[in-house]
Each structure stands twice: as C-alpha cells, then as structure tokens.
Amino acid sequence: METIAKVTATEAALKLINHLKTKHGELMFHQSGGCCDGSSPMCFPDGELIIGDGDVLLGEIGGCPFYIAAQQYKYWQHTQLIIDVASGPGGSDFSLEGPEGERFITRSRLFIKAD
C-alpha cells in the first residue's frame, strides 16, 4: 500500500527551493500558525529555527525538512499540504524567499478514503 505524503511541493516551489539552497545552503520549513504572517510556510537556513517537542515533522520538500506545530497539526492532520509559490511580497520578513519577489503559499486538500 502506497503512503501519500503529508506535504508536497509544486514544480515552481521546488525551483525556488533549489535557488534558495544555492544562495543560503541547506534549508528547513515551518508552517506558521497564522496571525501576522497569514499561515504561510516559512523558509529558514537549516537549524536557524529551534524545533522542539511541540513540533511535528510532516516530511520533506526539495530535500528540506518541513515542520508544523503540534497544536496546528491537530487541525490539519486530515489534509495534504501542497507548497506553492505566488508573486509579490509575503506576510513575513523572516522567510528567506521574501527578497526574491516571491512567496511560498500553502494549498491543501483533504485526504479521502480512496487515498
């Protein structure tokens, strides 16, 4: 039985990830919890964000670990996160893609019994 990834990325997102890896080295992602940054996936140099017991590793995109807060995961556990890219500035100055004129965004789809 094939397991469906909890997080995946579009070709556009993978292209931006590879570009950022060239500039910044290894990367990591954390799905933010909303409020000021609007629940956007945040991209950091690997190890810059301290991951703790309150975070869940969903998987990898572009060879980079992707985490989400355990509390938020309770609400999103029945969905697949699809990381994509949109033009324009994002909601956070902390994510590495901001100066590139693009931003990572999260799309999602519910898992269904056929999955």
Side-chain angles (χ1 to χ4, degrees):
M1 186 167 118
E2 185 178 334
T3 302
I4 296 177
K6 294 233 178 227
V7 62
T8 188
T10 65
E11 287 299 317
L14 293 172
K15 182 178 175 184
L16 181 54
I17 290 167
N18 285 333
H19 173 73
L20 293 172
K21 285 170 105 175
T22 299
K23 287 181 78 172
H24 302 282
E26 294 301 310
L27 306 173
M28 65 185 294
F29 285 84
H30 195 281
Q31 177 64 43
S32 68
C35 183
C36 301
D37 50 25
S39 294
S40 54
M42 305 289 288
C43 179
F44 303 99
D46 193 29
E48 184 173 295
L49 183 69
I50 298 173
I51 299 300
D53 293 339
D55 295 298
V56 174
L57 176 64
L58 283 186
E60 290 188 354
I61 57 171
C64 308
F66 193 101
Y67 298 91
I68 189 170
Q71 278 297 101
Q72 189 175 9
Y73 179 69
K74 287 180 185 179
Y75 298 106
W76 292 47
Q77 65 184 320
H78 301 292
T79 63
Q80 179 183 49
L81 301 186
I82 303 156
I83 307 308
D84 201 356
V85 174
S87 296
S92 173
D93 293 332
F94 300 110
S95 194
L96 288 176
E97 79 280 5
E100 304 298 321
E102 297 181 291
R103 66 186 186 278
F104 289 110
I105 59 172
T106 301
R107 302 182 193 285
S108 64
R109 72 176 189 94
L110 287 174
F111 287 118
I112 57 174
K113 289 188 182 202
D115 286 342

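Here the structure is a predicted model, which means the values were calculated and not measured. In what follows, residues are counted from 1 in the order of the sequence shown.
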Pairwise distance NE2(His30) to CD(Glu48) - rounded to 0.5 angstrom: 13.5 Å
Test side-chain hydrogen bond (donor to acceptor under 3.5 Å, both in side chains) applied to His19 and Glu100, Glu97, His24, the passing residue: Glu100
Derivation of the side chain to side chain contact (heavy atoms under 4.5 Å, CB included) call for Phe104 and Leu20: CA-CA 12 Å; Phe104 289 110; Leu20 293 172; 3.8 Å; yes
Stepwise side chain to side chain contact (heavy atoms under 4.5 Å, CB included) test for Asp55 and Leu57: CA-CA 7 Å; Asp55 295 298; Leu57 176 64; over 6 Å; no
Any donor-acceptor pair under 3.5 Å from Thr8 side chain to Ile82 backbone: no
Shortest non-hydrogen separation from Asp84 to Ala12 and the atoms involved: OD1-CB, 4.2 Å
Exam field: side chain Arg103 to backbone Val85, donor-acceptor pair closer than 3.5 Å: no
Shared hydrophobic cluster, Ile105 / Leu110 (ILVMFWY, side-chain heavy atoms < 4.5 Å): no
Point-to-point distance, once rounded to the nearest 0.5 Å, from CG of Leu27 to CG of Leu16: 9.5 Å
Beyond-backbone contact of Lys21 with Glu26, side-chain heavy atoms, under 4.5 angstrom: yes
Short side-chain donor-acceptor distance under 3.5 Å, Lys74 and Gln71: yes
Taking every non-hydrogen atom, the tightest pair across Ser95 and Cys43: OG-N, 2.8 Å
Candidate pair Val7 and Phe29, rule side chain to side chain contact (heavy atoms under 4.5 Å, CB included), full reasoning: CA-CA 11 Å; Val7 62; Phe29 285 84; over 6 Å; no
Closest approach of Gly62 to Ile17 (non-hydrogen atoms, all atoms of both residues): O-CG2, 4.2 Å
pair Met28-Cys64: side-chain heavy atoms closer than 4.5 Å: no
Min side-chain heavy-atom separation Phe66-Leu81 under 4.5 Å: yes
Tyr67 vs Leu49 side-chain heavy atoms within contact, under 4.5 Å: no
Value rounded to 0.5 Å, distance of CG in Asp46 from CD1 in Ile51: 9.0 Å
Within-4.5 Å side-chain heavy-atom neighbours: Leu58 and Trp76: no
